[in-house]
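Values below: all heavy atoms of this structure, side chains included; hydrogens, waters and symmetry mates excluded. Naming convention: chains lettered A, B, ... in sequence-line order (proteins, then strands); numbering from 1 in each chain. Predicted model, so just to flag it, every value in this text is computed and none were measured.
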Protein chains: 2
Amino acid sequence: MGYTKILAHTIEQNELSAIFKALAHPARVAILQHISEQPNCICNDIVNDIDLAQATISQHLTELKKVGLISGHQEGKKMCYRINVDKLYEVKHLISTFFNKVQ
Amino acid sequence: MGYTKILAHTIEQNELSAIFKALAHPARVAILQHISEQPNCICNDIVNDIDLAQATISQHLTELKKVGLISGHQEGKKMCYRINVDKLYEVKHLISTFFNKVQ
DNA sequence: ATCTATTATTGCATAATTGCGATAATAAAG
DNA sequence: CTTTATTATCGCAATTATGCAATAATAGAT
């Protein structure tokens, strides 16, 4: 095979695991922490902070944007990134509910 | 490349992302929920619940055991699985701290 | 119009993940 | 000892993830 059998699970299980997957890489954890500490930072700020190529950081940023945990807005030739607080709150609640049920 | 550049990140970032990775599959989410609802269940119980082959379920169980979220103890020819409550509490705290800092 | 800064995308190689059939391993039952 | 039940492991194929160099795309500056 090679692909995840999505149909073997519920929508909730697939959605929750998709969130976990977005956080399942140290670079993405580090990027979230960086953006949190330097709101409206740009890609190069993160590149200077983490020992990964610009292309790689950009790809991780794209993944975090895809799940909605961060958002970017253009400012001149810079793309400024910030935490999507609403989404983060939602995710926090989802995960917290999961852990409380599994207890 | 193909492998994660662990040395580009802190131990904490690597450990946290490893936990997320263990949860980054719908089958593993489903398995945790199943074990939670049926404590001391066996592998075949889960196989009857989730549309995946026995070998696949066994592999996911092994991964969950590896990060310590579940534990198994032999009972005759059956291996009974249960949630590792202490580890779950620790993980819950780690994740909660992460989200509160990133806020 | 050209240059510069910044970021995204493409193409590629390598590695990890996912899933399953087949088989091995283990323990109890007959 | 043989059979049965249960689970783990191996070997394989397919898919996805990771990382980077090179390049394209974009917007402002000169």
To the nearest 0.5 Å, what is the distance between CE (B:Met79) and OG (B:Ser71)?
-> 10.0 Å
Not counting sequence neighbours, which residues clear side chain to side chain contact (heavy atoms under 4.5 Å, CB included) with B:Glu75? List them please.
->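 With neighbours one apart ignored, the set is B:His73, B:Cys80.
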Can you list every side-chain hydrogen bond (donor to acceptor under 3.5 Å, both in side chains) pair that touches residues 51-60 of chain A, not counting sequence neighbours?
->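 Every pair satisfying side-chain hydrogen bond (donor to acceptor under 3.5 Å, both in side chains) with a residue in residues 51-60 of chain A: A:Arg28-A:His60.
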With a cutoff of under 4.5 Å between side-chain heavy atoms, which Ile, Leu, Val, Met, Phe, Trp and Tyr residues group with A:Met1?
-> A:Tyr3
For B:Asp45, enumerate each residue passing the side-chain hydrogen bond (donor to acceptor under 3.5 Å, both in side chains) test, keeping only those at least two apart in sequence or located in another chain.
-> B:Gln38
Under 4.0 Å between any heavy atoms, over every strand shown, what does A:Leu61 touch: base, sugar-phosphate, or nothing? Just pick one.
-> nothing
So what does A:Ile57 hit on the nucleic acid, given a heavy-atom distance under 4.0 Å: a base, only sugar-phosphate, or nothing?
-> nothing
So which of residues 28-37 of chain B are in contact with DNA chain D, with a heavy-atom cut-off of under 4.0 Å?
-> none
Which residues share a salt bridge (charged side-chain N to carboxylate O under 4.0 Å, His left out) with B:Lys87, sequence neighbours left out |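 Applying salt bridge (charged side-chain N to carboxylate O under 4.0 Å, His left out) to B:Lys87 gives B:Glu90.
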Of B:Glu63 and A:Cys80, whose nearest nucleotide on DNA chain C comes first from the 5' end?
-> A:Cys80
Along DNA chain C, 5' to 3', what are the outermost nucleotides having an atom less than 4.0 Å from a heavy atom of chain B?
-> C:dA13 to C:dA28
Donor-acceptor contacts, no H, no angles, side chain residues 12-20 of chain A, under 3.5 Å, sequence neighbours left out:
from	atom 1	to	atom 2	distance (Å)
A:Gln13	OE1	A:Thr10	N	2.9
A:Gln13	OE1	A:Thr10	OG1	3.3
A:Gln13	NE2	B:Gln33	OE1	2.8
A:Asn14	ND2	A:Ile6	O	3.2
A:Asn14	ND2	A:Thr10	O	3.0
A:Ser17	OG	A:Gln13	O	3.0
A:Ser17	OG	A:Asn14	O	3.0

Interatomic distance, B:Lys78 NZ vs D:dT4 C1' [rounded to whole Å] = 13 Å
Which donor-acceptor pairs under 3.5 Å do the side chains of residues 91-102 of chain B make with protein atoms, sequence neighbours left out?
from	atom 1	to	atom 2	distance (Å)
B:Lys92	NZ	A:Asn100	OD1	3.0
B:Thr97	OG1	B:His93	O	2.8
B:Asn100	OD1	A:Lys92	NZ	2.9
B:Asn100	ND2	B:Ser96	O	3.2

Tabulated below should be each protein N or O lying under 3.5 Å from an N or O of nucleotides 19-28 of chain D; please produce it.
from	atom 1	to	atom 2	distance (Å)
D:dG19	OP1	B:Lys5	N	2.6
D:dG19	OP2	A:His25	NE2	3.1
D:dG19	OP2	A:His60	NE2	3.0
D:dC20	OP1	B:Lys5	NZ	3.0
D:dC20	OP2	A:Ala53	N	2.8
D:dC20	OP2	A:Thr56	OG1	3.0
D:dC20	N4	A:Gln59	NE2	3.2

So do the side chains of [X] and [Y] get within less than 4.5 Å of each other, counting heavy atoms only?
X        : Y       : value
A:Leu52  : B:Lys5  : yes
B:Ile35  : B:Leu64 : no
B:Gln103 : A:Ile83 : no

Does the side chain of B:Asn44 get closer than 4.0 angstrom to OP1 or OP2 of D:dA5 through an N or O atom?
->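 The answer is no; no side-chain N or O of B:Asn44 sits under 4.0 Å from OP1 or OP2.
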